[in-house]
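So that the names make sense, note that chain A is the first sequence line, chain B the second, and so on, each numbered from 1.
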Number of protein chains: 2
Amino acid sequence: MPAEEIAAPKSLADFQERLRRVGGSLPKRLKQCAEYVAGNPDKIAFSTVADIAAGAQVPASAMMRFCQEMGFSGYSQMQKLYREEYSQKWPDYSTRLSSLRNGGAESPSALLAEFSEAGRASIENLTHSIDQDKLRKAVTVLAGARTIHIVGLRRTFAVASYLAYAFEKMSIPAILHAGVGNLTQHHLLGDGDALIAITFAPYTADTMALAEAAAARGLDIVAITDLPTSPLAALDAIHLLVSEIDVGNFRVLAATMTLAMTLSVAVGARRRLV
Amino acid sequence: MPAEEIAAPKSLADFQERLRRVGGSLPKRLKQCAEYVAGNPDKIAFSTVADIAAGAQVPASAMMRFCQEMGFSGYSQMQKLYREEYSQKWPDYSTRLSSLRNGGAESPSALLAEFSEAGRASIENLTHSIDQDKLRKAVTVLAGARTIHIVGLRRTFAVASYLAYAFEKMSIPAILHAGVGNLTQHHLLGDGDALIAITFAPYTADTMALAEAAAARGLDIVAITDLPTSPLAALDAIHLLVSEIDVGNFRVLAATMTLAMTLSVAVGARRRLV
DNA sequence: CCCTCAACAGAATGTATATTCCATTTTTTT
DNA sequence: AAAAAAATGGAATATACATTCTGTTGAGGG
């Protein structure tokens, strides 16, 4: 039994360190493995042994021996390390949140930490998931509109009102449909106008009603919603999907607000250029 | 053979588009699949059918049917699509951001990167700078109030309206002073009430007026503001300072929103416990 | 020059996983 | 209300994969 029998690395950093230390003194094939693995960390997470082995130009069994030599039980265990590193960016929220709920008497600062983290993750996710083409198209449509109508009720009203504020500040004609006094203002929708509709599950009926009225009149619609199965998705509109994290029953609006600001400022900039 | 037999989506964007189109008319289980898949793109890349199915709370066979319904030969083919997409955006958040930034000075994507980064920084700053004692005190005061009044106009109206929504949802008596119709509602301020006032430079006159009226009546006041020199600071109130980053002339509200959510949820939790 | 042993490649194996099939339930239609 | 159609869940099967085994090669030492 070799004296230097070693345990599996705990973290990717550990592993890369070990790779550097023992890398030089490996036999030919294993050295090939080491080099390929060190140089293609991203591929490890996705591919099968066969693929990786082919990439390193060794038979699969050599790659297996390499993994075991490095202290892993096999290829799968090594791959797990790479996958964990990657998917770390979206921590397991459902468990954390349920613990928060069961904890009950949380201190406000612990809550603040939760919301902060949720907000951070939501924004980060937004930058990954937003479709740049659609965003650009949305800006174009809104920049060309005569009047911009904005609708977002209940949980999304905050976003809608921010949009209204931003447009007002830039002197862009915009109407916030707030549902005040239960007066329907569908008749305000005119040719050449555009609508920004914001709704998350459970989808507010009044928002949908206005969006449908706008669709019927042939207005351009920019829809900010959470799921492809949203009723807004049935409309012919430019869809911007935002998946936010819920903390308890409360939706962190950080990403949606960020998107709203981007939209408004981009539209403002475009208008001024033309 | 159904007439609408469809080919496998070519890209993730294609797929999401299809999901959006047909998503609404799917049977129950398949809709669950659609929603989970749409909401967890990152997990698809790594996990097995069994894992994903468990996440969507459906049997594995349902997930298989879903994949085929969407035009894939099976789960593996769908996963392949996600893996391809993901190996491209592998680089971490910061590099992704800088690549967004360089996408053209005035492009919407560059703006999005700008706002995202500003939001992240603001939130991070908030968790460091907030005074925990004051936060706790604010929660205590609000939890003990008979009715909570909320005022925040112009740029902060979004925050105020979110607070109003949150309190309503938790059945906590709260009044949002919106300035509708220029009706002053100072007379609503009653003994045992508390006021949340939100204002940033330049400080809105109406907000100050209401805050002063509340102070005169001896109400507890929680002030969310940006600087110690704010006129709100002159009042005897619990001050929560939030320093947000400005992008151009627009204040990112991410930190303020985060603070507002924390306040409302903490108050709700406290009320229920007492 | 032969012996020994580590390194190796490819075939053989076992296991984890995807996929299909069918009996049962639920929904829709008549 | 009955019949037909669609949807569903779990068991059965097939496939893809990681892992191990075995015979062979090649290098170093006596």
> Atom CD of B:Gln79 to atom C1' of C:dT17: distance rounded to whole Å?
Replying inline: 11 Å
>> For C:dC8 and A:Arg65 - does any side-chain N or O of the residue sit under 4.0 Å from the phosphate oxygens OP1/OP2?
In response: yes
> Taking CE from A:Met63 and C1' from D:dC17, how many angstroms apart are they, rounded to a whole number?
Replying inline: 15 Å
> So, is B:Gln68 near the phosphate of C:dT20, with a side-chain N or O under 4.0 Å from OP1 or OP2?
Replying inline: yes
>> Students often get this wrong, so: under 4.0 angstrom with heavy atoms, is A:Ser61 touching a base, only sugar-phosphate, or nothing?
In response: base
> To the nearest angstrom, how far is B:Leu30 atom CG from D:dA6 atom P?
Replying inline: 14 Å
> Rounded to the nearest Å, what distance is computed from the CZ atom of residue B:Phe66 to the P atom of nucleotide C:dT19?
Replying inline: 14 Å
> When the ring centroid of A:Tyr75 is compared with that of A:Phe66, is the distance short of 6.0 Å?
Replying inline: no
> So, does the side chain of B:Ser76 form a donor-acceptor pair with the base of C:dA18 at under 3.5 Å?
Replying inline: no
> Rounding to a whole Å, what distance do you find between B:Arg29:CZ and C:dT27:P?
Replying inline: 11 Å
> Looking at A:Phe250, A:Phe157, A:Tyr162, which hits side-chain contact (heavy atoms from CB on, under 4.5 Å) with B:Tyr162?
Replying inline: A:Phe250
> Ion pair present between A:Arg251 and A:Asp226, side-chain N to carboxylate O less than 4.0 angstrom?
Replying inline: yes
